[in-house]
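As structure tokens, the structure follows; a few thoughts come after it.
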Number of protein chains: 2
Amino acid sequence: MTNTYDINEFKNPLFTVDSVLFTVKDDALKVLMVKRANEPFIGSWGLPGGFVDIDSDTTTDVTALRKLEEKTSVAPQYLEQLQAFSGIDRDPRGFSVTLVYFALIAAQEVSSHIETIDDVQWIDIDKIDSLSIAFDHKIIIEQAKERLQQKALYSMVPVYCLPEYFTVGQLKSVIETIIGKTIQRKSLIRRIESADMFETIDEKVKSGGRLAQQYKVKSGVDIVNFERNLSS
Amino acid sequence: MTNTYDINEFKNPLFTVDSVLFTVKDDALKVLMVKRANEPFIGSWGLPGGFVDIDSDTTTDVTALRKLEEKTSVAPQYLEQLQAFSGIDRDPRGFSVTLVYFALIAAQEVSSHIETIDDVQWIDIDKIDSLSIAFDHKIIIEQAKERLQQKALYSMVPVYCLPEYFTVGQLKSVIETIIGKTIQRKSLIRRIESADMFETIDEKVKSGGRLAQQYKVKSGVDIVNFERNLSS
DNA sequence: TTAATATTGTGTCGCTGTGACACATTTGTA
DNA sequence: TACAAATGTGTCACAGCGACACAATATTAA
């Protein structure tokens, strides 16, 4: 006997990594859901995720990205940790912990790939309630949505639901879809100009009316947090 | 062979729960640190925490509370998840994940108990840098501090560093210690009155000058988030 | 060619909440 | 009795968002 720690003294909980990948498509907030191929909850819709591969994943961030890329074939434009969900009851196999990530992507980046597969699908967030969802994923999605809505009020995260080049009108529309309220175009422009996070593109684009100024996110900048929330 | 999932297909990462318990004492922000009695990092200071007891802990919240109570003999007044930290390198025993909680308590609640033990100690947050700290706990503490500072700007969480009854002056002092800046007494009073989160106590208390109004948190209320940050 | 419509972009006023600061109030102390 | 120290109140300025009018520019229909 030594003073080294016995690694098997405690049974480890079941540990998984899941992601809530959002996008805005057809003026609705959507979540990427996967039809489960394994027990438990086989056949139900669940969040994309799985076990850490401790031989190749250097962090759980890598696990989340890997699992998302398996389903979408691309990396999300934004990824951050949401929260861990744990409990003795949430998985029939025993005490389990799932570390949940919260991700954003432009619909165009994945749509072509998704449409060829029928076990991966964008599901309208308002339709989640009426579906049979695996584990506690319904609650998880709800929490992720609330976090996204909060962030949309004081930051520019919603740009990551848009392609590289975007217009004020597109960003306004995405934000409004996320928070479920209309916002003032003027307020959004003020934020875009003060954030020092975007650069203007010379070439303008048609949009049903006057040509629209295009923007892109400056490379290497962090998300700016504003000191006030939008309200309306 | 069946279609049931083989629970041993993947090796599970090492999973622990740690907490960053803050308090404000002697006009300084302090963190509860524990002198490690086991390998690895035996003898170094580390965060209070440990493994989940999957036979008795119903969630990881319970694990965090249990571990904190082992060290302080009381439950913290505020507890929320901070973030999970993971990696192949952060623990010499292999890939590990620690789910970190962020907690607050009034110094008075624990001081008497702490002072009788020499392997548990309040450490000034500014002195952490110059100490030898286990694992990546130095980084974790830094992140927890940043979160606390942010929250102090738009919420009333700092009250959980105070005893049940407190004055505006005490709350002002605690907030200023946390964020490292002075704030306007007037702004704080406006927030206290508009938050509808506190009730006034009839009995006033002496404070070196005029008698001070006492407040307490209304029972059963949630933390209020304001729509603006304090700045100054 | 002209008018109607749609969308983008700008100018401006009001509102709210914070910062700043003066001043009154109340207690302890020299 | 005067002064210091802290609490509590009143008020003005400022920043940023909401609201809205209006100008600018492109498309479409008469």
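Below, chains carry the letters A, B, ... as their sequence lines are ordered, and counting in each starts from 1.
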Checklist entry - Where along nucleotides 23-30 of chain D does protein come under 4.0 Å, by heavy atom, of base (B) or sugar-phosphate alone (S), with - for untouched nucleotides? => result BBBS----
Grab the [atom1]-[atom2] distance between [X] and [N] for me, whole Å please.
{"X": "A:Glu203", "N": "C:dT8", "atom1": "CD", "atom2": "C1'", "value": "17 Å"}
{"X": "B:Ile179", "N": "C:dT18", "atom1": "CD1", "atom2": "P", "value": "13 Å"}
{"X": "B:Arg185", "N": "C:dA22", "atom1": "CZ", "atom2": "P", "value": "16 Å"}
{"X": "B:Gln184", "N": "D:dA13", "atom1": "CD", "atom2": "P", "value": "16 Å"}

Item to check | Those residues of residues 186-200 of chain B lying under 4.0 Å from DNA chain C by at least one heavy atom | outcome: B:Lys186, B:Ser187, B:Arg190, B:Arg191
Item to check | By side chain to side chain contact (heavy atoms under 4.5 Å, CB included) - contacts of A:Ala144 (at least two apart) | outcome: A:Val20, A:Phe22, A:Leu82
Checklist entry - What is the ring orientation for A:Phe166 with A:Phe198, classed by angle as parallel under 30°, tilted 30 to 60°, or perpendicular over 60°? => result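 Judged by the thresholds at 30° and 60°, the geometry between A:Phe166 and A:Phe198 is perpendicular.
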Next on the checklist: Could you check whether B:Glu70 pairs with B:Arg66 (Lys NZ or Arg NE/NH1/NH2 to Asp/Glu carboxylate O, under 4.0 Å)?
Outcome noted: yes
Next on the checklist: According to ring-ring contact (aromatic ring centres under 6.0 Å, His included), does anything in residues 202-224 of chain B pair up with another residue at least two apart or in another chain? List the pairs.
Outcome noted: none
Checklist entry - Between which residue ranges does DNA chain C form stems of three or more consecutive Watson-Crick or G-U wobble pairs, both distances under 3.5 Å? => result C:1-30 with D:1-30
Checklist entry - Considering heavy-atom distances to DNA chain D, does B:Arg228 or B:Gly169 have its closest nucleotide positioned more toward the 5' end? => result B:Gly169
Heavy-atom donor-acceptor pair, [X] side chain to [Y] backbone, under 3.5 Å:
{"X": "B:Gln214", "Y": "B:Thr200", "value": "no"}
{"X": "A:Thr60", "Y": "A:Thr63", "value": "no"}
{"X": "A:Gln213", "Y": "A:Ile201", "value": "yes"}

Item to check | Test salt bridge (charged side-chain N to carboxylate O under 4.0 Å, His left out) applied to B:Asp196 - qualifying residues, sequence neighbours left out | outcome: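 With neighbours one apart ignored, the set is B:Lys218.
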Next on the checklist: Less than 3.5 Å apart, any donor N or O on the side chain of B:Asn225 or B:Ser155 sitting next to an acceptor on the other?
Outcome noted: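 There is no such pair (donor and acceptor under 3.5 Å, judged by atom type) between the side chains of B:Asn225 and B:Ser155.
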Checklist entry - What about the rings of A:Phe15 and B:Phe15, do their centers lie closer together than 6.0 Å? => result yes
Checklist entry - Less than 4.5 Å apart, any side-chain heavy atom of B:Leu171 and any of B:Val159? => result yes
Item to check | Sugar-phosphate only, base, or nothing, as touched by A:Glu227 at under 4.0 Å among non-hydrogen atoms | outcome: nothing
